[in-house]
Number of protein chains: 2
Amino acid sequence: MIELRSMPTACGERRRDQACSQCGARALSICNSLDGADLQRLDALAERASFAAGEALIREGDEARNVFNITSGSVRVFKLLADGRRQITGFLFAGDFVGLATGDTYVFSAEAIEPVTACRFRKAEYRNMIRECPSLETALLERATHELAAAQNQMLLLGRKTATERIASFLLDLPAHDLARPMPAGHVHLPMSRSEIADYLGLTIETVSRVLSRLKTQGLLKLASLNEVVVMQPRKLRALAEGDI
Amino acid sequence: MIELRSMPTACGERRRDQACSQCGARALSICNSLDGADLQRLDALAERASFAAGEALIREGDEARNVFNITSGSVRVFKLLADGRRQITGFLFAGDFVGLATGDTYVFSAEAIEPVTACRFRKAEYRNMIRECPSLETALLERATHELAAAQNQMLLLGRKTATERIASFLLDLPAHDLARPMPAGHVHLPMSRSEIADYLGLTIETVSRVLSRLKTQGLLKLASLNEVVVMQPRKLRALAEGDI
DNA sequence: CAGCGGCCTTGATCTGGGTCAAGCTGTGTT
DNA sequence: AACACAGCTTGACCCAGATCAAGGCCGCTG
């Protein structure tokens, strides 16, 4: 048992009062939506877990026993085809929930990209929790709806955008998800590898690398390091992302 | 005010006790999850609406005033890029909800493919309803989670599957959504045009047409009419869809 | 029942991004 | 400091599916 309330980030605290660019919702963190008594009850049910880089929180096909709330680090959520082709359907950061699938088995996998800490809830207990704390359900519905809006944007990206538009959209959207990590304006931290970016955007690593190089040559970006991009011309990048060209 | 209870399909009745192939959930229709008293309350709030083919239920950017429950017909949900490129993010049938976005404005459009009837709920009233009827929220969360699982499958399809795999997946998954329309085993009804299939699968109409023709030549399908496909070899089609080749 | 128009199919050609193949870079190790 | 290795970049070439173009089919209308 961990005293979540004594640790500001333990239940996935995120910056408050920032409207989501994809669905317009505010106060998306579960923490922000619940009152003290509810958080206390969550507290009693939470078990802390940590994962090394590459370790799995959730494996597709396993019995769905747990729900996690990420408290630090970053996670890749993905599905595989039989021959190994991988689609990363999302990256998760502090404050995100994972494992809310309705069925008896997980329908996706989730692995730590960098060292991760999380609160684990047994799914059985989690159901009791919902019964006692209806506002949790409201908060989860809001988050699910938000993720659905994000998924629609991603489908638009995967189905209809060019490689350049995909990379531009990605660089502009990423900071909105990773709110726990404070970055100077214009700086984007990439905890994931090129191969993970490629599998998220439906491209190959070579194309990701080429497009980043071209955007750099064109002066839209600087590559401060492998894992840090500085957006030099956000207007132009936004125009590229929307296909306005 | 419409007496929903007196019309079996009015609140989006769907076949019961059929587990979803994408997320394992059962009883996905809202109707199936609610008891008589709750349905009666929903009843009092519902307003019947009908839409001609091509008419919009929801326009991206408009103020989000309504939530709809489709009671008959089929609907395309989509997003557009500035230059007109379209991604259809889903097709909706009897029993599906649309318009549950959290924000103040809709972030996608929804249009009737064929004549549609639906129950309209004012969003303000809908919020009261949730307060009075907590099991509605549970049902909606279950549906949202289900749609999220479907969205992840679609991202895998759009990001990593070949044209043939996309078409095969589409033909196998479609009947599971359109439960209200009873079809003989193996028969798939396509209420949407080739152009809508293309915009759903991230392809062009020419590619959709060519792949269907090839599958027909190979004896996997018959094209009974423009809008009806008969799957002759479901095993082989499933193998194609999963990329097992 | 002829003519029209919207959709669908099929063929020919083109191209964005994939594939294959070197190198490069940065980091950790001895 | 030299090395090794994993991940990244860059170049050359290729191909699945897009684009461009020409008919075909079918339901509707006069």
Side-chain angles (χ1 to χ4, degrees), chain A residues 52-54 76 81 83-88 113-114 157-171 189-218 221-229 240 243 245, chain B residues 52-54 76 81 83-88 113-114 157-171 189-218 221-229 240 243 245:
Chain A
R76 55 178 179 251
L81 290 173
D83 61 3
R85 278 172 287 170
R86 176 176 73 168
Q87 180 65 36
I88 292 181
I113 290 176
E114 37 180 3
L157 179 148
L158 291 170
R160 289 297 179 226
K161 289 190 181 179
T162 65
T164 308
E165 291 163 359
R166 292 178 200 208
I167 296 281
S169 302
F170 174 67
L171 291 175
H189 179 75
L190 306 173
M192 68 291 288
S193 68
R194 297 292 186 266
S195 139
E196 288 163 336
I197 297 174
D199 284 351
Y200 180 58
L201 299 178
L203 301 171
T204 58
I205 49 171
E206 293 93 332
T207 299
V208 170
S209 185
R210 271 187 256 273
V211 171
L212 284 174
S213 298
R214 210 184 55 243
L215 292 176
K216 179 185 165 188
T217 307
Q218 297 173 346
L221 304 177
K222 274 185 189 160
L223 302 177
S225 75
L226 275 183
N227 296 316
E228 194 166 333
V229 170
L240 272 187
I245 309 191
Chain B
R76 56 178 177 251
L81 290 173
D83 61 3
R85 278 173 287 171
R86 176 176 72 167
Q87 179 65 36
I88 293 183
I113 289 175
E114 37 181 0
L157 180 148
L158 292 169
R160 290 296 179 227
K161 289 191 180 177
T162 65
T164 308
E165 291 163 359
R166 292 177 201 207
I167 296 282
S169 302
F170 174 67
L171 291 175
H189 179 76
L190 306 172
M192 67 292 290
S193 68
R194 297 292 185 265
S195 138
E196 288 162 336
I197 297 174
D199 284 351
Y200 180 58
L201 300 178
L203 301 170
T204 59
I205 50 171
E206 292 94 333
T207 299
V208 170
S209 185
R210 271 187 255 272
V211 171
L212 284 175
S213 297
R214 210 184 55 241
L215 292 176
K216 178 185 165 189
T217 307
Q218 296 173 346
L221 304 177
K222 275 185 188 160
L223 303 176
S225 76
L226 274 183
N227 298 316
E228 193 166 333
V229 170
L240 272 187
I245 307 189

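Every chain is numbered from 1, with letters handed out A, B, ... down the list of sequences. All values below come from the heavy atoms of this structure, side chains included, with hydrogens, waters and symmetry mates left out. For clarity, every value in this text was computed on a predicted model and none was experimentally measured.
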Study note, to complete from the structure: Counting primed atoms, P, OP1 and OP2 as sugar-phosphate and everything else as base, the B/S/- map of nucleotides 20-28 of chain D against protein heavy atoms under 4.0 Å is B--------
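- One can place CG of Leu223(A) at 7 Å from P of dT9(D), the figure rounded to the nearest angstrom.
- Scanning DNA chain C 5' to 3' for nucleotides with an atom closer than 4.0 angstrom to a non-hydrogen atom of chain B gives a first and last hit of dC8(C) to dA12(C).
- Annotation for Gln87(B) and Leu158(B): closest pair NE2-CD1, 3.8 Å, computed over non-hydrogen atoms.
- Between Arg85(A) and Glu165(B), at least one side-chain nitrogen of the basic residue sits less than 4.0 Å from a carboxylate oxygen of the acidic one, meeting the salt-bridge criterion.
- The side chain to side chain donor-acceptor pair (under 3.5 Å) test applied to Glu114(A) returns Ser74(A), Arg181(A), not counting sequence neighbours.
- Between Leu215(B) and Thr164(B) there is a side-chain heavy-atom pair separated by less than 4.5 Å.
- Ile197(A) places its CD1 atom 14 Å from the C1' atom of dT9(D), with the value rounded to the nearest Å.
- Ser209(B) pairs by the side chain to side chain donor-acceptor pair (under 3.5 Å) definition with nothing, not counting sequence neighbours.
- dT19(D) atom P lies 11 Å from atom CG of Asp83(B), rounded to whole Å.
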Give the table of side-chain donor-acceptor pairs shorter than 3.5 Å for residues 197-204 of chain A, with sequence neighbours excluded, one pair per line with atom names and distance.
residue, atom, partner, partner atom, Å
Asp199(A), OD1, Arg160(B), NH2, 2.8
Asp199(A), OD2, Arg86(A), NE, 2.6
Asp199(A), OD2, Arg86(A), NH2, 3.0
Thr204(A), OG1, Thr207(A), N, 3.3
Thr204(A), OG1, Thr207(A), OG1, 3.2

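- Although no hydrogens or angles enter the test, the distance criterion places a donor-acceptor pair under 3.5 Å between the side chain of Glu196(B) and the main chain of Ser193(B).
- Scanning all heavy atoms of the two residues, the minimum distance from Ser195(B) to Ile205(B) falls at CA-CG2, 3.2 Å.
- With rounding to the nearest 0.5 Å, the separation of CG in Leu171(B) from CG in Leu221(B) is 6.0 Å.
- The stretch residues 205-217 of chain B participates, sequence neighbours left out, in no salt bridge (charged side-chain N to carboxylate O under 4.0 Å, His left out) pair at all.
- Annotation: side chain of Val208(B) is not in contact with side chain of Phe170(B) (no heavy-atom distance under 4.5 Å).
- Taken from OG in Ser169(B) to CG in Leu240(B), the straight-line distance is 9.0 Å, to the nearest 0.5 Å.
- Using a 4.0 Å heavy-atom criterion, one finds that Thr162(A) contacts the sugar-phosphate atoms exclusively.
- With DNA chain C read from its 5' end, the first of the two nearest nucleotides for Ser193(B) and Thr204(A) is the one closest to Ser193(B).
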Protein N or O to nucleotides 13-15 of chain D N or O, pairs below 3.5 Å:
none

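- A sub-4.0 Å separation between OP1 or OP2 of dG7(D) and a side-chain N or O of Ser195(A) is absent.
- Counting non-hydrogen atoms under 4.0 angstrom, Leu203(A) reaches the backbone sugars and phosphates but no base.
- One finds a side-chain N or O of Thr207(B) lying less than 4.0 angstrom from the OP1 or OP2 phosphate oxygen of dA18(D).
- Computed from coordinates, the Leu212(A) CG to dC8(D) P distance equals 11 Å when rounded to whole Å.
- Inter-axis angle, ends of the helix from dC1(C)-dG30(D) to dT30(C)-dA1(D), five pairs per end, rounded to 10 degrees: 30°.
- Atom CZ of Arg194(A) and atom C1' of dT10(D) are 14 Å apart (whole Å).
- Not one side-chain nitrogen or oxygen of Ser209(A) sits closer than 4.0 Å to the OP1 or OP2 atom of dC8(D).
- Atom CD1 of Ile167(A) is separated from atom C1' of dC8(D) by 14 Å (rounded to the nearest Å).
- One atom, CD1 of Ile205(A), and another, P of dT10(D), lie 13 Å apart when rounded to the nearest Å.
- Residues forming a side chain to side chain contact (heavy atoms under 4.5 Å, CB included) with Ala53(A) (at least two apart in sequence, or on another chain): Pro115(A).
- Taking Thr217(B) as the reference, nothing meets the side chain to side chain contact (heavy atoms under 4.5 Å, CB included) condition, with sequence neighbours excluded.
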